[in-house]
Amino acid sequence: MTVESTAARKPRRSSGTKRAAGAASAAKPAAAATAQTQDAVPQLVQLLTPEGDRVENADNAEFAPFVADITTEDLRGLYRDMVMTRRFDGEATALQRQGELGLWASLLGQEAAQIGSGRALNDEDYVFPTYREHGVAWCRGVDPTNLLGMFRGVNHGGWDPNTNNFHLYTIVIGSQTLHATGYAMGVAKDGADSAVIAYFGDGASSQGDVAEAFTFSAVYNSPVVFFCQNNQWAISEPTERQMRVPLYQRAQGFGFPGVRVDGNDVLACLAVTRWALDRARRGEGPTLVEAFTYRMGAHTTSDDPTKYRRDEETAAWEAKDPILRLKAHLLATGGADEAYFAELEAESEAMGKRVREAVRAMPDPDTMAIFENVYADGHALVDEERAQFAAYLASFEEGH
């Protein structure tokens, strides 16, 4: 895939009077190049418009074949995935507000990016998430209550990564891209017919770990897909304060393809991710996918987005809601009726109730469990610390 060139560098300032005219002259073409880059509309792969109409044009011609096998039943399944994920996410937000969770990072508005990419994966593929990939976790069969256990503070993740090929959530920003790259390098050396996908956000793309992951994956031709959910805001910093060019264009500087997809179009996200994973499995190396979407809620429940973004902006993106988009398409094509949507709504409410009850019934963790699994074969220092802490706890039981 051909990737557009990056913007010209910003010219240096000149403090000398003799060089001022020359500097000003040199600045003109650079400024023009920058303006041209900023004004240009990047390619956006889209298969469903916000109104739910199917799109067929040159921009998506390369990717449309990757969803040619999708049936009406498959579309209904994708819709169900998004509805159930949103309901779970809403329940988790409510639980945090009620004091049942310490924190929660909502995915509201990003369901299409996560479900589309998550359903593109094969069972053998491996996922390295951040802390917001609840929809991908759903696709990989991770019990939602395990996700909540971590945010409640009763476990450190709660699932075996190797059972679902879904790594534990990563809180350190951007570090999972390096983990994914190293794992993908191992996959390539083993000759396995599988791929790796790493999720991160637009803010994380500025981290050094991400740049290093790009470098290593390109040099070693690693079978990894870097899936960036550009939700427009790195907490309170908008994308225009983070980067000079569209994010997907960064891939060119590292020597591999980048593509921007409509992150609110579940069908396009499915197609583009299948395409990128297929490249990886064929030994063609890494790909950067920028899912252009929007975080409709807060960054986390400790954040107040009303302090830094306008209501008009949020309203404009709400009109592009990924769930309403697919619903409109299903209704227009006769793929589903109101009875189906009502039945699914009831199912999602029942799931929310089960999640709520499960969280409140979670037992407190074993206090000594913190010392388990630190070393595979044990360690003398950990044993000593365990004994000291056990004696400390026993002192309370004895009334000291």
Side-chain angles (χ1 to χ4, degrees), residues 7 34-53 55 57 59 79 82-83 85-87 89-94 96-97 103-116 130 132-135 200-206 227-249 260-269 289-329 331-332:
T34 300
Q36 184 178 7
T37 301
Q38 292 175 343
D39 292 341
V41 178
Q43 176 188 350
L44 181 72
V45 179
Q46 184 183 80
L47 295 175
L48 289 177
T49 67
E51 295 75 29
D53 299 324
V55 180
N57 56 33
D59 286 343
Y79 182 81
M82 290 195 291
V83 168
T85 300
R86 179 171 290 188
R87 181 65 186 85
D89 180 70
E91 189 63 42
T93 299
Q96 194 283 328
R97 298 304 190 199
L103 187 73
W104 183 248
S106 174
L107 60 64
L108 184 62
Q110 299 177 219
E111 294 88 354
Q114 295 195 16
I115 297 301
T130 65
R132 200 187 301 275
E133 272 66 63
H134 320 313
F200 58 102
D202 49 290
S205 70
S206 300
F227 195 93
C228 177
Q229 294 172 83
N230 179 359
N231 64 21
Q232 312 303 314
W233 290 92
I235 308 183
S236 59
E237 287 297 306
T239 51
E240 59 264 25
R241 293 186 181 177
Q242 301 176 57
M243 55 204 70
R244 290 279 299 279
V245 298
L247 201 152
Y248 76 96
Q249 291 183 1
R260 173 181 278 189
V261 62
D262 185 339
N264 286 19
D265 178 353
V266 68
L267 198 58
C269 290
V289 176
E290 177 193 358
F292 198 73
T293 182
Y294 192 75
R295 167 171 58 80
M296 290 200 290
H299 175 71
T300 68
T301 47
S302 65
D303 170 45
D304 180 4
T306 64
K307 293 184 179 297
Y308 55 80
R309 67 186 189 191
R310 294 175 290 107
D311 292 341
E312 295 84 356
E313 176 185 295
T314 305
W317 277 95
E318 286 175 349
K320 305 174 186 178
D321 188 299
I323 295 180
L324 296 181
R325 181 180 308 202
L326 185 52
K327 181 178 182 179
H329 179 73
L331 285 171

TODO: Just say parallel, tilted or perpendicular for the rings of Trp233 and Tyr308, cut-offs at 30° and 60°.
DONE: tilted

TODO: Look at the side chain of His134 and the backbone N and O of Ala105, then say whether any donor-acceptor pair between them is shorter than 3.5 Å.
DONE: yes

Task: Within-4.5 Å side-chain heavy-atom neighbours: Gln110 and Glu133 - done: no

TODO: State, with a plain yes or no, whether a side-chain heavy atom of Asp321 is found less than 4.5 Å away from one of Met296.
DONE: yes

- [ ] Kindly say whether Asp202 contributes a backbone atom to a donor-acceptor pair with the side chain of Gln229 at under 3.5 angstrom?
- [x] no

TODO: Verify side chain to side chain contact (heavy atoms under 4.5 Å, CB included) between Gln46 and Asp59, making sure each step is shown before the conclusion.
DONE: CA-CA 8 Å; Gln46 184 183 80; Asp59 286 343; over 6 Å; no

Open item on the list: Holding to side chain to side chain donor-acceptor pair (under 3.5 Å), I want the full list of residues that pass it with Ser302, two or more places apart in sequence or in another chain.
Closed with: Thr300

Task: Side-chain H-bond candidate by donor/acceptor type, Asn264 with Thr293, under 3.5 Å - done: yes

- [ ] Using the test side chain to side chain contact (heavy atoms under 4.5 Å, CB included), find all partners of Thr314 that sit at least two apart in sequence or belong to another chain.
- [x] Tyr294, Arg309, Glu318

Open item on the list: Just so I know, are the side chains of Arg325 and Pro322 near enough to count as touching, which here means a heavy-atom distance under 4.5 Å?
Closed with: no

Open item on the list: When you measure from the centre of the six-membered ring of Phe292, is the NZ or CZ of Arg260 closer than 6.0 Å and no more than 45° off the axis?
Closed with: yes

Task: pair Met243-Val245: side-chain heavy atoms closer than 4.5 Å - done: no

TODO: Please tell me if the side chains of Asn230 and Tyr248 come closer than 4.5 Å, counting only heavy atoms from C-beta onward.
DONE: no

Task: Side-chain touch Leu107/Thr85, heavy atoms, less than 4.5 angstrom - done: yes

